[in-house]
Asker: 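My questions will all concern the structure given below.
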Amino acid sequence: MEFYKILEMWYLNNKRNLPWRNSSNPYFIWLSEIILQQTRIQQGLDYYKVFTEHYPTVQDLANASEDEVLKDWQGLGYYSRARNLHFSAQYICNELNGKFPTTYKELLKLKGVGDYTASAIASICFNEKTAVVDGNVYRVLSRYFNIDMPINSPKGIKYFKELAQELIQNAHPKEYNQAIMDFGAMVCKPQNPTCETCVLADGCIAKAKNLISSLPVKEKKLKVKNKFFNFIVIDNGDLTVIEKRTGNGIWKNLYQFPLIETNKPVDEETLLKHDFFKNHEFKNMDIALYNPEPWIHKLTHQHLHTHFWIINTKHIENFELTAWKNIDDFAVPKLIHNFLEEYKTK
DNA sequence: TATTCGTGGTC
DNA sequence: TGACCAAGAAT
């Protein structure tokens with residue numbers, strides 16, 4: 001039996017029951033695909049529920065503010081996804097008269113929609129034969145056909161896309177694309193794949209050559225930077241100070257306490273010499289280090305060594321103030337959220 | 001085109 | 001426990 005047919009049959013009997021699979025509405029499929037980029041289904045489920053309930057149509061999403069959308073995205077990470085989702089919703093409503101794009105080519109024009117997502121929506125909603133290539137597909141194909149070309153090299157990306165595109169030619173695109181992804185997630189897993197009961201085992205070259213654990217091949221070029229964050233938590237009992245992050249780095253457009261970044265851990269004396277305290281005078285202030293041991297927040301490319309400094313003062317000048325009771329209205333990074341959860345109970 | 005963008009799970 | 005991975009995309 002052909003490759004695609006085995007997967008389609010397997011899918012018929014083993015597919016997962018996921019909320020967006022009850023729909024062919026491109027708006028819902030789009031939401032699910034953006035939420036699931038680089039994200040496990042279990043982690044995305046609650047967010048899918050919130051977004052479909054809070055923004056039942058693309059118009060509702062377009063009418064919301066970015067702050068509102070980011071608040072609902074809080075905790076999921078890769079926040080450009082939320083900003084692009086909101087931007088593209090407005091683009092669809094304003095430029096496309098609310099009509100969702102219906103082809104791979106047009107879907108690609110949406111911010112935040114790349115080759116994978118355009119292929120997924122085009123195949124699932126419009127039956128277009130565009131093969132998805134995600135982490136699951138790389139794994140299944142590299143093993144079954146024993147391909148050791150690095151999946152994150154330009155040649156590898158092109159090669160796997162072309163192979164996937166060949167394999168979908170005689171298939172039902174909607175079912176086949178979801179089949180190979182489910183199969184990769186449930187059977188041909190990164191670790192401990194269940195080769196003993198695998199329906200593709202007979203033709204799997206990597207299994208025959210005992211190469212399963214070494215495929216797929218990925219070039220690793222990850223260097224982690226250490227950064228040192230000092231958050232200034234100003235507190236007069238009722239009010240505090242938070243700022244919106246600008247620029248193009250992490251957590252763009254999320255909120256945080258005023259931040260002093262240093263190139264190494266600093267003590268109180270050194271911290272107080274920073275420009276921040278030259279620009280802002282605190283009368284009768286009392287400063288205390290909240291966490292003597294740094295919280296090390298680990299991101300993919302950076303380790304953030306974080307200290308929270310509490311400034312108790314009755315006189316806060318030259319700041320925009322935020323009431324503690326309203327602090328939960330703002331979208332904050334997980335790191336700040338964790339701090340708030342601890343701090344407000346004290 | 002190499003780098004950057006979060007958070008959580010797995011072993 | 002640190003390395004790897006997760007329905008990738010933008011720059």
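We name chains A, B, ... by the order of the sequence lines, and we start the count at 1 in each one.
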Asker: If you check the Lys298(A) side chain, which of dG6(B), dG2(C), dA7(C) turns out closest?
Answerer: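 So the side chain of Lys298(A) is nearest to dG2(C).
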Asker: Taking the P atom in each of dT3(B) and dC4(C), what is the distance between them to the nearest angstrom?
Answerer: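 About 16 Å, rounded to a whole number of Å.
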Asker: Taking for each residue the nucleotide of DNA chain B bearing the nearest heavy atom, is the 5' side occupied by Pro154(A) or by Gly75(A)?
Answerer: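 Looking at the nearest nucleotide for each, Pro154(A) comes out on the 5' side.
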Asker: Donor-acceptor pair, Asn152(A) side chain versus Glu219(A) backbone, under 3.5 Å?
Answerer: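 It does hold such a pair.
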Asker: Find the distance between CG (Leu299(A)) and NE2 (His303(A)) and round it off to the nearest 0.5 Å.
Answerer: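 Rounded to the nearest 0.5 Å, the CG-NE2 separation comes out at 8.0 Å.
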Asker: How many Å lie between CZ on Arg81(A) and P on dG8(C), as a whole number?
Answerer: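 It is 10 Å, rounded to the nearest whole Å.
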Asker: Measure the distance from CD on Glu219(A) to P on dC5(C) and round it to the nearest whole Å.
Answerer: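 About 13 Å, once rounded to whole Å.
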Asker: What's the gap between dT7(B) and dT11(C) when it is taken at their C1' atoms, as a whole Å value?
Answerer: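 Going atom to atom, C1' in each nucleotide, I get 22 Å.
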Asker: OP1, OP2 of dG8(B) versus side-chain N and O of Lys334(A): anything below 4.0 Å?
Answerer: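 The answer is yes; a side-chain N or O of Lys334(A) sits under 4.0 Å from OP1 or OP2.
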Asker: Do the rings of Phe231(A) and Phe308(A) sit parallel, tilted or perpendicular, given the 30° and 60° boundaries?
Answerer: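 Ring orientation of Phe231(A) relative to Phe308(A): parallel.
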Asker: Rounding to an integer number of Å, can you tell me how far Gln302(A) CD sits from dT7(B) P?
Answerer: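 After rounding, the gap between these two atoms is 11 Å.
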Asker: How far, in whole Å, is dA9(C) from dG8(B) if one measures between their P atoms?
Answerer: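 About 22 Å, rounded to a whole number of Å.
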Asker: Which of parallel (below 30°), tilted (30 to 60°) and perpendicular (above 60°) describes Trp73(A) and Tyr47(A)?
Answerer: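 Tilted, since the angle between the ring planes falls between 30° and 60°.
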Asker: Are OP1 or OP2 of dT7(B) and a side-chain N or O of Trp251(A) less than 4.0 angstrom apart?
Answerer: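 Answer is yes, contact under 4.0 Å.
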